[in-house]
> 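The structure that follows is given in the form of structure tokens.
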Amino acid sequence: MDYQSMLALALPIGVALAAIGSGYGLGHAVGSAMEAIGRQPEAAGKIQTAMIIGAALIEALTIYALVVFFILQGKIGG
Amino acid sequence: MQTSSAGIDFLSRSLRTTGIVLLFFLPFGIYYLGFYPSLAVFSGGVWGIVNLIFLSALVRSVIRVGGIEKTALIRAALIKFPLLYLSGYALLRVDVFNPIYLLIGFSGSLAVIGLKAAGRAILGLDEQSNDNRKAVEAGRC
């Protein structure tokens, strides 16, 4: 298997792994935030902020993977 | 000492700071980097800010004490996922924009949030605001 074929196989797998990982992480974060708000409703504002920042970081990682995909896509020959 | 809270207004202040940083960056970027790279950084930054605004609206409509706010959730989800991701895809496909510069702009808001949070932690502002709140509550009782 040559370099181009390996890249063509690895790129979608890499993006899929990033999406699966961030989806799992986001689900876990939302679950924990719900639990925390249930235990301490008066801290909802702070939990929401932490949740938003966490979600933004997780989403950014997926977008980084997508951008790497776009950058390396040009190296796959036709 | 009166300190601002680390609640939901922390995010809006961070986004405003990011906008100011991007506006300051634009003329210097055009001079030192060139027009299209700095425009790519600026567009990536605006994309990141708008993305974060809709993300916060989405999280606020789902994770709240009174249950899910359905209309706000549907509105935020309908705008954020199709429209924002489509515009991100379009930005990435534009030939004159280098994806690396877009990524730098996109990470700008996250960098500002990280730096602001680090500043709060170093200066101990959260402990001060907690102490202030406790003092106010003790004064009421």
Side-chain angles (χ1 to χ4, degrees), chain A residues 7-8 10-12 14-78, chain B residues 5-15 18 44 47-49 51-68 80-81 84-85 88-89 91-95 97-114 116-117 120 126 129-130 133:
Chain A
L7 195 62
L11 276 180
V15 175
L17 281 177
I20 290 168
S22 64
Y24 177 76
L26 206 55
H28 201 71
V30 171
S32 301
M34 293 289 208
E35 204 176 302
I37 289 180
R39 277 188 192 158
Q40 235 182 329
E42 66 274 7
K46 278 190 175 179
I47 294 166
Q48 269 182 349
T49 310
M51 173 71 220
I52 291 163
I53 293 169
L57 288 171
I58 291 168
E59 202 185 46
L61 284 176
T62 321
I63 289 171
Y64 291 164
L66 191 71
V67 171
V68 169
F69 175 86
F70 276 109
I71 292 167
L72 292 178
Q73 196 189 23
K75 296 195 190 304
I76 303 171
Chain B
S5 74
I8 210 80
D9 61 321
F10 171 78
L11 207 68
S12 54
R13 278 187 282 118
S14 300
L15 292 179
T18 312
W47 181 35
I49 289 173
N51 192 32
L52 215 55
I53 288 169
F54 282 108
L55 186 70
S56 74
L58 203 68
V59 169
R60 266 186 279 178
S61 61
V62 174
I63 302 174
R64 57 199 288 275
V65 179
I68 296 173
K80 183 181 161 25
F81 293 113
L84 224 62
Y85 284 155
Y89 178 77
L91 278 175
L92 285 169
R93 297 302 290 181
V94 174
D95 286 336
F97 286 171
N98 189 339
I100 298 287
Y101 288 118
L102 273 171
L103 213 61
I104 290 169
F106 182 78
S107 309
S109 53
L110 301 176
V112 168
I113 288 171
K116 271 176 111 63
R120 289 187 75 85
D126 291 331
S129 59
N130 280 342
R133 204 178 59 234

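The chains referred to below are lettered A, B, ... by the order of the sequence lines, with proteins before strands, and numbering in each begins at 1. Computed from a predicted model, the values in this text were never measured in an experiment.
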> Compare every heavy atom of Met51(A) with every heavy atom of Val59(B), then report the nearest pair and how far apart it is.
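That would be CG1-CG, 3.6 Å.
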> Which atoms of Gln73(A) are under 4.5 Å from chain B, going by heavy atoms: the side chain, the backbone, both sets, or neither?
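Just the side chain, heavy atoms under 4.5 Å.
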> Rounded to the nearest 0.5 Å, what separation is found between the CD1 atom of Ile100(B) and the CD1 atom of Ile71(A)?
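Here the rounded value is 3.5 Å.
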> Working to the nearest 0.5 angstrom, can you tell me the gap between Glu59(A) CD and Leu55(B) CG?
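Reported to 0.5 Å precision, the distance equals 5.5 Å.
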> Out of curiosity, Tyr85(B) OH to Ile63(A) CD1, how far, rounded to the nearest 0.5 Å?
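Answer rounded to 0.5 Å: 5.5 Å.
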> Measure distances from Ser107(B) to the heavy atoms of chain A and classify the residue's part below 4.5 Å as side chain, backbone, both or neither.
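Both backbone and side chain of Ser107(B) come within 4.5 Å of chain A.
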> Pick whichever of Ala56(A), Ala43(A), Pro41(A) has the most heavy-atom pairs under 4.5 Å with chain B.
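The candidate making the most pairs under 4.5 Å is Ala56(A).
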> First locate atom CG of Leu91(B), then atom CZ of Phe70(A), and finally report the distance between them rounded to the nearest 0.5 Å.
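Output value for this atom pair is 11.0 Å.
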> If I take atom CG from residue Asp9(B) and atom OG1 from residue Thr49(A), how far apart are they, to the nearest 0.5 angstrom?
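Atom-to-atom, Asp9(B):CG and Thr49(A):OG1 are 7.5 Å apart.
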> Please classify the contact between Ala44(A) and chain B as side chain, backbone, both or neither, with a heavy-atom cut-off of under 4.5 Å.
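For Ala44(A), the contact with chain B is made by the side chain alone.
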> Heavy-atom distances under 4.5 Å only: say whether Asn98(B) touches chain A with side chain, backbone, both or neither.
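Neither part.
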> For side chain to side chain contact (heavy atoms under 4.5 Å, CB included), just list the numbers for Ile53(A) and Leu11(B), CA-CA rounded to whole Å, side-chain angles, deciding distance to a tenth of an Å, and then say yes or no.
CA-CA 8 Å; Ile53(A) 293 169; Leu11(B) 207 68; 3.8 Å; yes
> Under 6.0 Å from the CZ atom of Phe81(B), do we count more than 12 heavy atoms belonging to anything else shown?
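Atom CZ in Phe81(B) is crowded, with more than 12 foreign heavy atoms closer than 6.0 Å.
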> Would you say that Leu110(B) contacts Leu57(A) through its side chain, given a criterion of any heavy-atom pair below 4.5 Å between the two side chains?
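Yes, close enough: below the 4.5 Å cut-off.
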